[in-house]
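Written below as structure tokens is the structure these notes are about.
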Amino acid sequence: MIRSHRCLVNFFFLLLAASSVVSAQLANCQNYGTPLNSTDCKCPAYVSGRNCENVICRRYAVPDKDRCACAPGWYDKFCGLRGCRPPNEDQMDLEKRSLIVVFNTKTTMKSQLDTLKHNFNEMVSKVMRNSFGTRTPWIDNYIVYGFVKSGSNLHIQSEFVYDSDDVINYLNNLKLYDGDDTQPVLTAVKNSQQIFPKMKSHAIVLVFTDSPASDATPWSHRFTDKNAEQDVLQISLLWRSKYYFFLSLPKEADFSSDGVDVYRRLALTNHGDTFFIQDSNELSNVLLSVIGSQYFPENVAVGYGLTRDETVTTYVDNDGDSLFFLLTVNPLTDSKLPAISDAKLLVEGPSYRLYTRPSTIGDTVTISSSSGSVYNYRMFIQSKNTILFNYNDDMVIDVGNGMAVIGIDMFSTMETYGFPQWANTSYDVRSTDGKLLREKYFASERSQKDCTFTHGFPAWPTLECPPGPITQLHTFYYNGFYQQRVTPGYCIESDHNDEHPNGATWNSQEEHMETSQGDTIQCNRRNIEAINDPRLEEARQYIFILEQHSANEQIYNTLAMEISQILYLTNVTTEKSYKKEFTLIVHDSEESHVLLSSYNPILFIERFQSLVSSLTLIPNLDNTMGLLSIIQAQKMNIQPTAQVYYFTNQAVKNVQNISRHWDIIRKDMEVNFFTIADGVTTEIFALPKQLELVQKMSNGRLIPLGKTENTLYPLFADMMGVNTLTTDNEQYNCHDAPLEINGYVEDGAEYSVIQVIGTGLKTVSMQDSNGTDILCVLIANKDYIIYQNPNFISMKMKSNLFASGIWKLSALVTAGGCQITVRQKTSIGMILGFTSSNNDDISSTQIISQRSLSGLHPIFVPIKTTGGVTPTNLELQIVNRKRYDQPQSYSNSTITPRDANSCTYNFVSESLVVPKNELVTLTVSGFDSGKLVLHRIFYYYQHLPADPSKDTLESTVGIEYANHLQYIPMECVAAIPVFMETFVKSVGL
């Protein structure tokens, strides 16, 4: 009688929990916000608004629908602070750059506009050719931004094109207006670099005006002021753009005013140039000779505001390279242009001289000046070899910018591009006139793995840095010679404001939610983050991993040909949103590279096809860096959940072990392996053991391919929308006797995908829960057979055509083993966690005991389901990694509902013990009115021997903060990225 009463009570609470889920009306949150009630959302970092409708692009990234195009190195959804990630190499391609024209479209600028149009094509032709005559079409695109303010009216005309002829056509149609005496020049320079997401870094920015800047303010080194000058400077430090100001100012202009002086200030802080243009001939000369010489311009020495002779050491990449010296003065002062006696004068005007000379490494050149004159010089070479250099206050952070905060110890990180391998490198800090501010610091390789910026420098105590612009002088040491570069920087003052925005919005009513009555388990603290856990939905990121085996070429050609069709199987974009992220990773026996990652499907398709067609493929590749590619895939997963498509040849028998925990795969990633036939291997389970483990613990697929498949599209059509695994059985001998199993087909699923693999499939039989012979239906209608080759068959069946429940499935092959899996596309989501208490809602995504040495630890499994479906049983099975086909049932646990108001995980298992076994499965099942509504399989791996828990720090953040934060409460850990972001924001970084 007591037992019956308990059953009735349990049944009542099951109904109560289900009805709570169904009846709850939650807010429609955008941009992956978490609904808290019917009206309010908790927003992720860098997203705001009641419904999280506003995306906040950080670091002067360019808004693109609901995503952000980041400056080089800042690969992230919204370009926020992050730990180490491997470089997104296509985004870091610094050999493709933009040319930007910012033109003040006043009627008084007609002569300058005509001159620009007349000389533009010739200027571009010169820019693309170096001093030796070598032509490189390195300007990828052009931006034209016309602006003029007339009273209360602001006229903007802007265009983005890929061809210089289109620039001229656009300039021909620019409309000129009468304008005010002062103009918002700084705002125009900023906006020109903030509206086109395809803008490239290291842009040449040409600014034309005859007016003082109306938006200039007194020079301030306190970047919490957030004025227009600081915006323009920060964009240049992050995007590495170079400013060239062409000023046709009236003679009566006050050169000491901020509206004019701001051009000088920006030129010296940016290591750019200011030209005072008097007529069309002078403008033509500057465009054709000075700008025409800016072929991959690399500054090797600079000086601003100098009053003395200067002897400088010349640095070139190779002996005989041309070295250029640009000398400038303000012609409206008494300053006279300096001269260089042992260099060729290319062109000169009242405010500038451009010299050149072939040079050898270590030569010296003297700049001779006149007494009382103030001048600037910029010594540059034409070179593709460049560096990215950043300051930050924590070496855990991978990225940064060119600003050092006074009073804070500033680390720095660096990456070089194109340089020969150097023995060592250092940098010192100088004032803009060359005075040494800080001695050399030498670089070391960073301890973190897979960083975009691979080298770091010790912390610099910045208290003695004078506020204002600085120059970093970088020296690269080789055997017997040096190379040098200079980069701009800035020492900024900070208010250290304690008022930090929290980066999230929600209504305080959430803390006063109704408390349920009765005996239902209530949670001590609700897991808000799990309400909208991405694992409850279909994949948002698709990662392609290509092994560089030469025998894979035909498959890769097919993949590249169909990549557009494959991507558009998903809802990739809408008018206002990019829905997915796409990534390409390749590896050989020595390295793994992230070649490309993008949210823009059109861009990804174009670059994917180009990159795959030019991929270097290697014959006889039998040992690869595949595990490193999998680690990199996890770090690049910024839009979980991710589906990974790993292509490998059966001839590859080994993957190199790496000294990192590759074997704990995050639960927000599914790794699917396409094994390509080598014509020799007959065993269908032809994966190295490590990859076999990755496939299992990530609930991934194994798909054998022939050497010359003509299409892959149907396979992806079966995979991309499927989000559950209900059946996974294999047998190592399917030729003497068939594999016969129960297949589980949930009621209410949209469709099921049944896949059978085996060497030489002979027969496959299926019966639904009513005993209907499904194979006969398949033979009559081959549309159900989506994909088939001699060793593999994939069948897709709509659920309304057959009876759901427990099916009978079998397969017989000609040799070796076989495997049968059932997966489904369903609206019912489910996630599991692990806790040490049944009222804990903050759970780990991995088994928390992790084979603890202290013995068997009881744990609980919280379960979240959607759609009002109720799980009833949790089965734990032990899997032998040597024999995946012989799992052993270890225990069954009943599942209890929890209070839906205080718990996001609305169910929990009874206490269970996870045995000391490397691999286990948890299977959650549930029936409703006799119908199978749930049957989900999840694989979990535990280290051998014992390890500390791999909690949600590593499994959700995906960066290396975990080693530093393991003793911080989880609610604090969740706030750390936002806290760091808002702290840096408060000091202007």
Side-chain angles (χ1 to χ4, degrees), residues 86 89-90 542-563 566 582-597 607-634 636 643-658 662 670-695 698 700-713 715-716 719 757 759 787 789-792 816:
E89 294 186 13
D90 191 73
Y542 302 97
I543 302 174
F544 297 83
I545 297 179
L546 306 187
E547 171 190 275
Q548 293 175 245
H549 196 293
S550 59
N552 300 352
E553 183 175 9
Q554 180 57 48
I555 296 296
Y556 294 164
N557 289 340
T558 301
L559 180 62
M561 180 179 64
E562 296 185 323
I563 190 65
I566 290 170
F582 310 98
T583 306
L584 172 62
I585 303 175
V586 302
H587 63 263
D588 56 20
S589 60
E590 297 180 355
E591 296 178 314
S592 175
H593 293 274
V594 181
L595 295 187
L596 171 65
S597 195
R607 298 297 297 134
F608 183 93
Q609 292 172 331
S610 174
L611 291 167
V612 171
S613 65
S614 60
L615 198 60
T616 300
L617 300 179
I618 303 168
N620 305 317
L621 186 66
D622 63 356
N623 192 348
T624 74
M625 296 297 291
L627 292 179
L628 180 55
S629 287
I630 289 168
I631 286 179
Q632 291 179 336
Q634 294 183 82
M636 299 301 286
Q643 277 191 341
V644 178
Y645 311 116
Y646 184 125
F647 289 80
T648 179
N649 196 278
Q650 289 182 345
V652 176
K653 306 300 182 184
N654 299 291
V655 288
Q656 296 185 28
N657 280 316
I658 52 181
W662 59 267
E670 170 191 292
V671 187
N672 305 284
F673 290 90
F674 296 79
T675 59
I676 302 169
D678 63 353
V680 177
T681 305
T682 58
E683 175 51 58
I684 204 62
F685 301 112
L687 270 182
K689 284 296 182 184
Q690 301 98 317
L691 300 186
E692 193 176 58
L693 176 61
V694 169
Q695 179 248 323
S698 67
R701 300 163 178 82
L702 181 63
I703 301 175
L705 299 175
K707 297 175 67 174
T708 57
E709 303 283 354
N710 294 323
T711 181
L712 299 171
Y713 172 80
L715 282 172
F716 286 92
M719 284 191 291
I757 65 173
T759 305
Y787 201 88
N789 64 38
N791 303 320
F792 175 78

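For the numbers below, each heavy atom of this structure counts, side chains included, while hydrogens, waters and symmetry mates do not.
- Residues meeting the side chain to side chain contact (heavy atoms under 4.5 Å, CB included) test with N623, sequence neighbours left out: N654, Q656.
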Pairs of donor and acceptor atoms involving the side chains of residues 609-618, under 3.5 Å and at least two apart or interchain, shall be tabulated with distances.
from : atom 1 : to   : atom 2 : distance (Å)
Q609 : NE2    : A560 : O      : 3.0
S613 : OG     : Q609 : O      : 3.1
S613 : OG     : S610 : O      : 2.8
S614 : OG     : S610 : O      : 3.0
S614 : OG     : L611 : O      : 3.2

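- For H549 (side chain) and A551 (main-chain N/O), a donor-acceptor pair under 3.5 Å exists by modelled atom type.
- Partners of F647 according to the ring pair (Phe, Tyr, Trp, His ring centres under 6.0 Å) rule, which considers only residues two or more places apart in sequence or in another chain, are F674.
- I585 CD1 to M625 CE: the interatomic distance, rounded to the nearest 0.5 Å, is 12.5 Å.
- The side chain to side chain contact (heavy atoms under 4.5 Å, CB included) check on P688 picks up V655, Q690, L691, with sequence neighbours excluded.
- For N552, the side chain to side chain donor-acceptor pair (under 3.5 Å) test picks out Y556, N649, with sequence neighbours left out.
- Note: I555 CD1 to L705 CG = 5.0 Å, rounded to the nearest 0.5 Å.
- Residues meeting the salt bridge (Lys or Arg N to Asp or Glu O under 4.0 Å) test with E670, sequence neighbours left out: R701.
- A 4.5 Å side-chain heavy-atom check between F792 and T675 finds every atom pair outside the cut-off.
- In this structure, a donor-acceptor pair under 3.5 Å is present between the side chains of E547 and T648.
- With sequence neighbours excluded, no residue forms a salt bridge (Lys or Arg N to Asp or Glu O under 4.0 Å) with K707.
- For H587, the side chain to side chain donor-acceptor pair (under 3.5 Å) test picks out S629, Y646, with sequence neighbours left out.
- No more than 12 heavy-atom neighbours from other residues, nucleotides or ligands sit within 6.0 angstrom of CG on N620.
- No side-chain heavy atom of L693 sits under 4.5 Å from any side-chain heavy atom of K689.
- The side chain to side chain donor-acceptor pair (under 3.5 Å) search around Y713 returns none, not counting sequence neighbours.
- To the nearest 0.5 Å, atoms OH (Y542) and CD1 (I563) are separated by 11.5 Å.
- Remark: Y645 pairs with Q643 by the side chain to side chain donor-acceptor pair (under 3.5 Å) rule, at least two apart or across chains.
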> Checking side-chain contact (heavy atoms from CB on, under 4.5 Å) for the pair V671/Q695: CA distance, chi angles, key distance, verdict?
Replying inline: CA-CA 6 Å; V671 187; Q695 179 248 323; 6.0 Å; no

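- Side chains of T583 and V594 form a contact here, defined as non-hydrogen atoms less than 4.5 Å apart.
- From I703, atom CD1 reaches atom CG of L715 across 5.0 Å, with rounding to the nearest 0.5 Å.
- Heavy atoms only, all atoms of each residue included: S597 and M636 are closest at CB-CE, 4.1 Å.
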> How far apart are the C-alpha atoms of S589 and L621, what are their side-chain angles, what is the distance that settles it, and do they pass the side-chain contact (heavy atoms from CB on, under 4.5 Å) test?
Replying inline: CA-CA 7 Å; S589 60; L621 186 66; 3.8 Å; yes

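- When atom types are taken as modelled, the side chain of E562 and the backbone of T711 share no donor-acceptor pair closer than 3.5 angstrom.
- We find the CE-CD1 distance between M719 and I566 to be 8.0 Å, quoted to the nearest 0.5 Å.
- For the pair L559 and F716, the minimum side-chain heavy-atom distance is below 4.5 Å.
- In this structure, CG on L628 lies 9.5 Å from CD1 on I545, to the nearest 0.5 angstrom.
- Of all non-hydrogen atoms in I757 and P704, the two that sit nearest each other are CG2-CD, 3.5 Å.
- Residues V652 and D622 form no side-chain contact, since every pair of their non-hydrogen atoms from C-beta on lies 4.5 Å or further apart.
- Here the two rings, on F582 and F608, have centers that are 6.0 Å apart or farther.
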>> Applying side-chain contact (heavy atoms from CB on, under 4.5 Å) to E709 and T558, what does each step give before you reach the verdict?
In response: CA-CA 7 Å; E709 303 283 354; T558 301; 5.5 Å; no

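- Legend: residues meeting salt bridge (Lys or Arg N to Asp or Glu O under 4.0 Å) with D90, ordered by chain and number and at least two apart, are R607.
- Taking E553 as the reference, nothing meets the salt bridge (Lys or Arg N to Asp or Glu O under 4.0 Å) condition, with sequence neighbours excluded.
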